[in-house]
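Below is one structure; the comments refer to it alone.
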Amino acid sequence: MSEKNPRFRELVEELVASIPKGRVMTYGQIAALCGHPMAARQVGGIAHFGNPDLPWQRVVNKRGGLASGFPGGREGHKQALLDEGLHVTNDYTVDIEELIWWPDR
DNA sequence: CGAGTGACCGCAA
DNA sequence: ATTGCGGCCACTC
């Protein structure tokens, strides 16, 4: 119980786990929702060391580009997104304007 | 307690 | 258009 001091890590993982299939969020966006719009770097660091069961593949940078530290590199990341039903370009980028998702809507 | 790191972001030349 | 640099936050050693 108890309100655990919500760590950045727990909060970020919570948001990532709540991303619906077919949607993507940006690091800066997640950080902003956590209350720290400039902690996008930390979000990436948590991603690499966080729970591998979470859909980090739905997390992309603001350009809609895939991350590098993903298992398999951008290839694996791209395949993972394609498996989700998302459209990925040859440049390892997704249509952020179309697939970006906000918890508000 | 101090320093280093990082799957980023934004701006300047 | 591309490249380089700094800054910010939280976590780890």
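In the text below, chain A, chain B and the rest are named by the order of the sequence lines, each starting its count at 1.
Contacts of A:Gly45 with the nucleic acid, taken as non-hydrogen atoms under 4.0 Å apart, are absent. Among the atoms of the strands shown, only primed sugar atoms or phosphate atoms (P, OP1, OP2) are found under 4.0 Å from some heavy atom of A:His36.
A:His48 places its NE2 atom 17 Å from the P atom of C:dC11, with the value rounded to the nearest Å. Put simply, CZ on A:Phe70 is 13 Å from P on B:dC8, counting in whole angstrom units. Per the geometry, CZ belonging to A:Arg63 stands 9 Å off P belonging to B:dC8, to the nearest Å. The interatomic distance linking A:Ile46 (CD1) with C:dC8 (P) rounds to 19 Å, in whole Å. Rounded to an integer number of Å, the gap from A:Tyr27 OH to C:dC9 C1' is 16 Å. Taking atom CZ of A:Phe49 as the reference point, atom C1' of C:dT12 lies 9 Å away to the nearest angstrom. For A:Glu10 and C:dC9, the CD to C1' distance is 17 Å, given to the nearest whole Å. Atom C1' of nucleotide C:dA10 and atom CZ of A:Arg7 are separated by 11 Å, given to the nearest angstrom.
Comparing B:dC9, C:dC11, C:dC9 by their closest approach to the side chain of A:Ala39 singles out C:dC9. The listed nucleotides are B:dC9, C:dC8, C:dA10; the one nearest the side chain of A:Phe8 is C:dA10.
With hydrogens and angles disregarded, no donor-acceptor distance shorter than 3.5 Å links the side chain of A:Thr93 to the backbone of A:Thr89. A:Asn51 places a side-chain N or O within 3.5 Å of a backbone atom of A:Asp53 that can act as its donor or acceptor partner.
A:Tyr27 is not listed as a side-chain neighbour of A:Arg41, based on a closest heavy-atom distance of 4.5 Å or more. For the pair A:Met25 and A:Leu33, the minimum side-chain heavy-atom distance is below 4.5 Å. Between A:Arg58 and A:Lys21, the closest side-chain pair of non-hydrogen atoms falls below 4.5 Å.
OP1 and OP2 of B:dC8 both lie 4.0 Å or more from every side-chain N or O belonging to A:Lys62. One finds a side-chain N or O of A:Arg9 lying less than 4.0 angstrom from the OP1 or OP2 phosphate oxygen of C:dT12.
With hydrogens and angles ignored, a donor-acceptor pair under 3.5 angstrom links the side chain of A:Arg41 to the base of C:dC8.
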